[in-house]
There are 2 protein chains.
Amino acid sequence: MPTTDGSDTGGTGRRMRADARRNQEKLLAAAAEVFVGSGVDAPIRRIAARAGVGMGTIYRHFPTRADLVVAVFRHQIEECAEAGPRFLAEEGSPFAALRRWVGLFADLLVTKHGLAHALQSDSSRFAPLHAYFLDRLQPVAARLLDAAAEAGEIRPGTHPYELLRGIGNLCIGHDDDPRYDPRRLIALLLQGLRRP
Amino acid sequence: MPTTDGSDTGGTGRRMRADARRNQEKLLAAAAEVFVGSGVDAPIRRIAARAGVGMGTIYRHFPTRADLVVAVFRHQIEECAEAGPRFLAEEGSPFAALRRWVGLFADLLVTKHGLAHALQSDSSRFAPLHAYFLDRLQPVAARLLDAAAEAGEIRPGTHPYELLRGIGNLCIGHDDDPRYDPRRLIALLLQGLRRP
DNA sequence: TTACTTTACGGAACATTGTTCCGGTTAACA
DNA sequence: TGTTAACCGGAACAATGTTCCGTAAAGTAA
């Protein structure tokens with residue numbers, strides 16, 4: 001798993017060359033800028049151009065688009081994952097923690113243009129992004145669901161994966177349509193979870 | 001609004017030439033076949049080739065991909081729209097009718113590969129598809145929701161558009177992942193609608 | 001510092017797909 | 001049957017993803 005600080009080894013176990021690390025950072029910065037303006041489907045060429053590097057360089061550092069997206073959003077994903085247990089400790093009930101965390105998760109998807117859309121995508125583009133998201137967030141969702149179920153606040157049996165994916169899906173396309181607010185539907189979904 | 005039978009006028013008010021109608025039918029058949037195998041994002045070239053016509057022909061008949069998708073699925077959309085009022089008459093309660101209709105709607109999206117995905121899409125590709133879907137199905141959803149709300153079975157205030165879009169979103173990507181079954185989440189959503 | 005090795009860089013070249021355009025063909029009709 | 005308007009096919013162009021290799025730079029040791 002690559003890191004973003006000076007210790008990055010490029011996966012080879014050897015230290016990265018200085019220019020390589022410089023370019024990687026330039027690429028991450030450029031990608032973050034372009035993603036905001038044009039979504040995560042922006043042309044690779046534009047990102048390379050904005051970073052001032054060639055096509056070969058971007059493909060060497062990030063073989064797939066998903067690798068680049070993961071690298072750009074790693075921080076936010078990490079924060080979201082860490083918030084789960086914290087909410088469980090802070091909130092009065094497991095269900096309240098679950099609701100708050102789901103809200104944070106939805107914010108992440110809604111704020112970053114096209115991220116939700118990329119997460120499911122067709123076929124298996126973005127498979128690495130999908131995998132990273134799940135590895136990191138599914139256990140968190142599972143723990144919140146379990147806690148709420150044990151407390152008797154929701155009925156048991158909900159699959160964490162399915163819930164995450166469903167919420168992710170609901171967040172798609174909110175930004176080109178003011179009539180559609182994913183949060184209302186997410187609230188309905190949570191309501192449907194509650195024990196009668 | 002184009003039709004598929006012999007009366008098609010191509011929108012000009014004049015009768016279509018025989019070869020034009022023949023090609024349109026060949027294209028519809030080919031598109032339906034290709035969509036099943038490769039989803040609605042299959043290359044235009046392949047559809048044209050399967051129909052045995054040139055690129056110009058397909059673009060003349062269906063200027064955008066969405067036009068072609070609409071034409072292919074018109075029948076199913078129409079059936080779904082007509083089922084709404086029928087369910088309302090047949091079922092014991094408005095909510096039961098709503099639930100049954102939502103199931104039919106979901107089946108439509110789940111069965112036709114990639115249709116759900118195309119429905120929201122990014123930017124505004126598929127805008128005609130989106131528009132047709134809404135024009136036809138939103139009033140049906142509205143009537144079902146109103147009836148259920150009036151009967152006191154669900155709480156009022158749910159936007160038909162939002163519900164349709166949400167269900168559409170939930171149906172995305174079910175086919176490349178056995179762990180994800182949109183129907184379970186849709187059931188939760190409906191449960192969340194119910195009056196306490 | 002210099003010579004040498006290893007790694008990375010840049011961008012041309014190729015592949016795929018969407019989209020447009022135009023010369024030739026054909027159906028419709030008098 | 002001749003005229004005309006509509007239609008056809010596919011070449012040509014454009015945008016983008018992906019690969020490859022000659023060249024340049026960084027690291028290393030004498």
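These values consider heavy atoms only, across backbone and side chains, with no hydrogens, waters or symmetry-generated copies. Just so we're on the same page: letters track the sequence lines, and every chain starts at 1.
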Go nucleotide by nucleotide along DNA chain C from the 5' end; which of B/Arg22 and B/Gly56 gets its closest nucleotide reached first? B/Gly56
Short side-chain N/O contact to D/dC8 OP1/OP2 from B/His61, under 4.0 Å: yes
Is there a side-chain polar atom (N or O) of A/Asn23 under 4.0 Å from OP1 or OP2 of C/dA8?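 Checking C/dA8 against A/Asn23, no side-chain N or O comes under 4.0 Å of OP1 or OP2.
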Show the numbers, then the answer: is there a salt bridge (Lys or Arg N to Asp or Glu O under 4.0 Å) between A/Glu91 and A/Arg99? CA-CA 10 Å; A/Glu91 293 289 330; A/Arg99 182 162 45 201; over 6 Å; no
Nearest to the side chain of [X], which nucleotide is it out of [options]?
{"X": "B/Thr57", "options": "D/dC8, D/dA12, D/dG17", "result": "D/dC8"}
{"X": "A/Ile44", "options": "D/dG17, C/dA8, C/dT20", "result": "D/dG17"}
{"X": "A/Pro43", "options": "D/dT16, D/dG9, C/dG11", "result": "D/dT16"}
{"X": "A/Arg65", "options": "D/dA26, C/dG10, D/dG17", "result": "D/dG17"}
{"X": "A/Ala20", "options": "C/dC9, D/dC8, C/dA27", "result": "C/dC9"}
{"X": "A/Asp19", "options": "C/dA8, C/dA27, C/dT19", "result": "C/dA8"}
{"X": "B/Arg45", "options": "C/dG11, D/dG17, C/dT19", "result": "C/dT19"}

Please compare B/Arg17 and B/Gly52 by the position of their nearest nucleotide in DNA chain D and report the one closer to 5'.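 The 5'-side residue here is B/Arg17.
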Which part of the nucleic acid does A/Arg60 contact within heavy-atom distance under 4.0 Å: base, sugar-phosphate only, or nothing? base
For A/Phe73 and A/Phe35, take the angle between the two ring planes, folded into 0 to 90°, and tell me which bin it lands in: parallel under 30, tilted 30 to 60, perpendicular over 60. parallel
Is the shortest heavy-atom distance from the side chain of A/Phe62 to the side chain of A/Gln24 under 4.5 Å? yes
Taking atom types as modelled and ignoring hydrogens, do the side chains of A/Tyr161 and A/Arg165 form a donor-acceptor contact shorter than 3.5 angstrom? yes
